[in-house]
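Each remark here refers to the structure printed beneath this line.
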There are 2 protein chains.
Amino acid sequence: MGDGTPATADGKPATIYDVAARAGVSKSLVSLVLQRSPKVSDQRREAVLRAIQELDYRPSTAAVSLAGTRSRTIGVVLDDFRNQWFVDLLTGLREALQDQGHRLVVADRFLNTGLDVSPVEGFLSMRVEGIVIAGEPDTDLAIPASMPVVVAGGRATLPRADTVANDDRAGGRMAAEHLLALGHTRIGFVGGRSAASAERRAGLEAGVAAATSGASVVTHVMPGEPTEAAGAEAVGLLLDAHPDVTAVFAANDVMALGAMSGLADRGLRVPEDVSVMGYDDTPLAATAYVGLTSIDDRSVDIGRGAGERLLARIADPSAPAHETLVEPRLVARRTTAAR
Amino acid sequence: MGDGTPATADGKPATIYDVAARAGVSKSLVSLVLQRSPKVSDQRREAVLRAIQELDYRPSTAAVSLAGTRSRTIGVVLDDFRNQWFVDLLTGLREALQDQGHRLVVADRFLNTGLDVSPVEGFLSMRVEGIVIAGEPDTDLAIPASMPVVVAGGRATLPRADTVANDDRAGGRMAAEHLLALGHTRIGFVGGRSAASAERRAGLEAGVAAATSGASVVTHVMPGEPTEAAGAEAVGLLLDAHPDVTAVFAANDVMALGAMSGLADRGLRVPEDVSVMGYDDTPLAATAYVGLTSIDDRSVDIGRGAGERLLARIADPSAPAHETLVEPRLVARRTTAAR
DNA sequence: TTGTAAGCGTTATCAA
DNA sequence: TTGATAACGCTTACAA
């Protein structure tokens with residue numbers, strides 16, 4: 001038993017009744033044992049635990065959350081499973097939530113938890129106790145005002161939601177310091193139209209301005225999605241206009257990769273001719289083949305922070321919305337070099 | 001309403017009772033409307049639907065699955081969220097299952113759906129109607145014999161489980177044909193100890209043997225995990241032993257990437273000096289910067305097939321275990337060229 | 001410390 | 001076509 005044997009004679013999973021009968025006690029006693037109540041005699045407890053083993057009993061989550069006062073479930077909405085950064089985010093969320101006895105249910109925009117319109121619909125049906133929005137929240141998520149929400153890794157366009165995000169401006173400043181330290185004086189920035197991109201650029205410019213090196217920044221912002229192709233195109237336009245650029249900071253790793261292939265197309269070597277750095281420290285950047293210098297947004301810590309915030313908000317729903325910025329970290333690799 | 005307003009006066013979500021009262025009908029009638037029963041008068045139906053709208057009512061999944069005969073839920077076990085191929089697999093699974101009214105719940109080895117030891121534990125508690133194992137199944141998953149299971153994208157080490165997987169041997173053969181057509185006669189293989197790797201190699205060798213070109217294959221199999229580092233090391237050892245190799249086929253894209261960086265370390269250019277190809281057609285391979293020729297294992301189709309198989313097994317639990325092989329597809333990119 | 005009994009929000013089975 | 005009413009498997013007062 002315990003090895004996956006069907007539970008009761010009729011093939012259906014065992015219930016608390018079956019356990020009670022087998023252990024010779026009442027259902028309530030079984031329930032108490034399940035909840036690790038201290039006021040159960042060792043003798044009974046052991047009898048119950050033995051019956052549970054023998055019957056391969058497992059409480060029905062449906063019954064538990066229906067009968068109980070809490071569902072002990074947290075919903076996590078991902079913008080897209082293809083964005084790898086959620087892996088680290090989940091790790092952090094788990095640390096903060098799962099270990100506190102909460103179940104995590106993950107859904108992306110498409111993986112509706114049923115036949116619902118949005119993932120949030122499904123979560124509301126499940127009576128989750130709180131929701132984590134990973135990334136930029138869709139504006140029309142229709143979350144009830146009473147539902148505790150925290151936005152992790154994106155600006156809160158949602159009212160009354162807590163936020164835990166990477167400090168993009170600080171990251172931009174770090175990029176500036178890194179490139180200035182390497183002796184670059186003409187720095188290019190390529191990015192998109194997102195708020196994060198704008199912040200990163202602002203940080204870069206602030207960092208360069210703060211230095212006394214006389215260095216300067218030129219930028220090219222692309223409309224549309226921040227894709228690899230956009231990065232390649234942007235770096236081409238940037239170099240056409242400013243051939244003296246020796247270092248390029250991209251708003252994210254994907255665009256940085258595009259910049260690298262754009263540079264290769266022009267016969268420019270990285271980092272000998274031009275240094276390149278990205279943002280997010282994706283697995284892609286970390287491969288030896290790419291070896292992209294990047295800014296680590298510390299998703300694990302963002303996840304942990306978001307989980308803690310959510311717990312705090314569940315405990316005190318009326319607390320004012322709180323915004324936490326996580327300090328990023330520069331990871332130097334082979335794509336940046338002294339000039 | 002419908003915009004996320006709390007439902008009832010006391011802030012708790014509306015129940016079927018609230019809807020019934022508001023619409024002036026019995027709870028049973030509301031339930032019938034919910035189930036799209038045809039034997040409800042249009043008048044009543046509209047009254048009920050209006051009440052649902054006004055109260056922002058949403059059925060409790062807990063109550064539904066407790067009272068109903070089926071949970072309409074399928075559990076998906078991923079080996080690791082970091083393996084991107086599951087994204088496509090999920091797309092296929094959704095097509096086959098979600099559209100049939102099934103809810104998909106995803107868990108990886110770490111994201112336990114609760115405080116359970118394994119993700120399967122959580123699924124059993126949720127009373128899922130079937131389980132999809134994505135990738136190589138852990139041997140000690142302890143799934144009850146009565147639970148419908150299909151292994152998607154891995155060899156079934158599980159008894160009585162259906163399997164839907166990529167035809168690794170056919171993929172290896174395709175690699176052979178591609179490289180032979182480009183004129184390569186000395187082909188290297190680098191791989192790991194997995195069954196998939198062995199099959200891919202076997203396919204490569206069979207493909208080369210079948211040709212009359214007089215080409216040959218030399219291989220280097222690494223112990224341990226099939227990482228980028230392993231790929232780099234393997235290609236180095238391979239070239240030390242066989243400097244005349246002009247094309248390398250790696251058992252997967254990650255090792256192929258390693259091979260590319262290993263070749264770069266030796267000052268060899270890809271594809272001018274050595275052609276490289278991988279397997280899995282990961283997003284990494286598809287980037288313009290990497291542009292790796294690879295074998296697409298068609299995960300979307302595997303997912304769809306797995307979903308369909310699972311439905312078939314749920315319908316007929318006693319059917320014999322079935323194995324489906326999906327024909328892979330070669331995707332030529334810039335890392336392979338004529339010699 | 002243990003048992004009894006009343007919910008929790010649905011579906012399902014009957015009658016009406 | 002509708003409405004009572006009994007499950008479903010568990011938690012939680014309240015009693016004992």
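Remember, it's a predicted structure, so these values are computed and weren't measured experimentally. So you know, we letter chains A, B, ... as the sequences are listed, proteins then strands, and number each from 1.
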Subject >> Interatomic distance where CG belongs to B:Leu32 and P belongs to D:dA4 [whole Å] >> reply: 13 Å
Subject >> B:Ser26 side chain near D:dG3 phosphate (N/O to OP1/OP2, under 4.0 Å) >> reply: yes
Original post:
Nearest-Å distance, CG (A:Leu29) to C1' (D:dA13)?
Top reply: 16 Å
Original post:
Just how far, in rounded Å, is C1' of D:dT2 from CD1 of B:Ile16?
Top reply: 14 Å
**OP:** Take atom CZ of A:Arg72 and atom P of D:dC10, then tell me their distance rounded to the nearest Å.
**Re:** 17 Å
Original post:
Would you call A:Lys27 and A:Asp18 a salt bridge, using N to O less than 4.0 angstrom?
Top reply: no
Subject >> Atom-pair distance (CZ on A:Arg127; P on C:dC8), nearest Å >> reply: 13 Å
Original post:
Reckon A:Val30 touches a base, only the sugar-phosphate, or nothing at all at heavy-atom distances under 4.0 Å?
Top reply: nothing
**OP:** For the pair B:Arg22 and B:Glu54, find out whether any cationic side-chain nitrogen is under 4.0 Å from an anionic carboxylate oxygen.
**Re:** yes
Subject >> Spacing of A:Leu90 atom CG and A:Gln98 atom CD [to the nearest 0.5 Å] >> reply: 9.5 Å
Subject >> A:Gln35 CD to D:dG9 C1', straight-line distance once rounded to whole Å >> reply: 13 Å
**OP:** Please report, rounded to the nearest Å, how far the C1' atom of D:dC8 is from the NZ atom of A:Lys12.
**Re:** 10 Å
Original post:
Which nucleotide, C:dC8, D:dT2, C:dT10, lies nearest any side-chain atom of B:Ser41?
Top reply: D:dT2
Original post:
Which of the following nucleotides, D:dC10, D:dG3, C:dT11, is nearest to the side chain of B:Val25?
Top reply: D:dG3
Original post:
Can you tell me how far P of D:dT12 sits from CZ of A:Arg70, to the nearest Å?
Top reply: 10 Å
Original post:
For DNA chain D, whose closest nucleotide is more 5', that of B:Arg45 or that of B:Ala63?
Top reply: B:Arg45
Original post:
Between C:dG9, D:dG3, C:dT2, which nucleotide gets closest to the side-chain atoms of A:Arg44?
Top reply: C:dT2
Original post:
Checking all strands, does A:Ser28 fall into the base, sugar-phosphate, or nothing category for heavy-atom contacts under 4.0 angstrom?
Top reply: base
**OP:** For A:Ser65, report the nucleic acid contact type (base, sugar-phosphate, nothing); a contact means any heavy atom under 4.0 Å.
**Re:** nothing
Original post:
Looking across every strand, which nucleic acid part, if any, lies under 4.0 Å from A:Ser31 by heavy atom: base, sugar-phosphate, or nothing?
Top reply: base
**OP:** Using only heavy-atom distances, determine whether the side chains of B:Glu121 and B:Ser125 contain a donor-acceptor pair under 3.5 Å.
**Re:** no
**OP:** Step through the shown structure and confirm whether more than 12 heavy atoms of other residues, nucleotides or ligands are within 6.0 Å of CZ on B:Arg82.
**Re:** no
**OP:** Classify the nucleic acid contact of A:Leu66 as base, sugar-phosphate or nothing, counting any heavy atom under 4.0 Å across all strands shown.
**Re:** base
Original post:
So does A:Tyr17 get a side-chain nitrogen or oxygen closer than 4.0 Å to the phosphate oxygens (OP1/OP2) of D:dA7?
Top reply: no
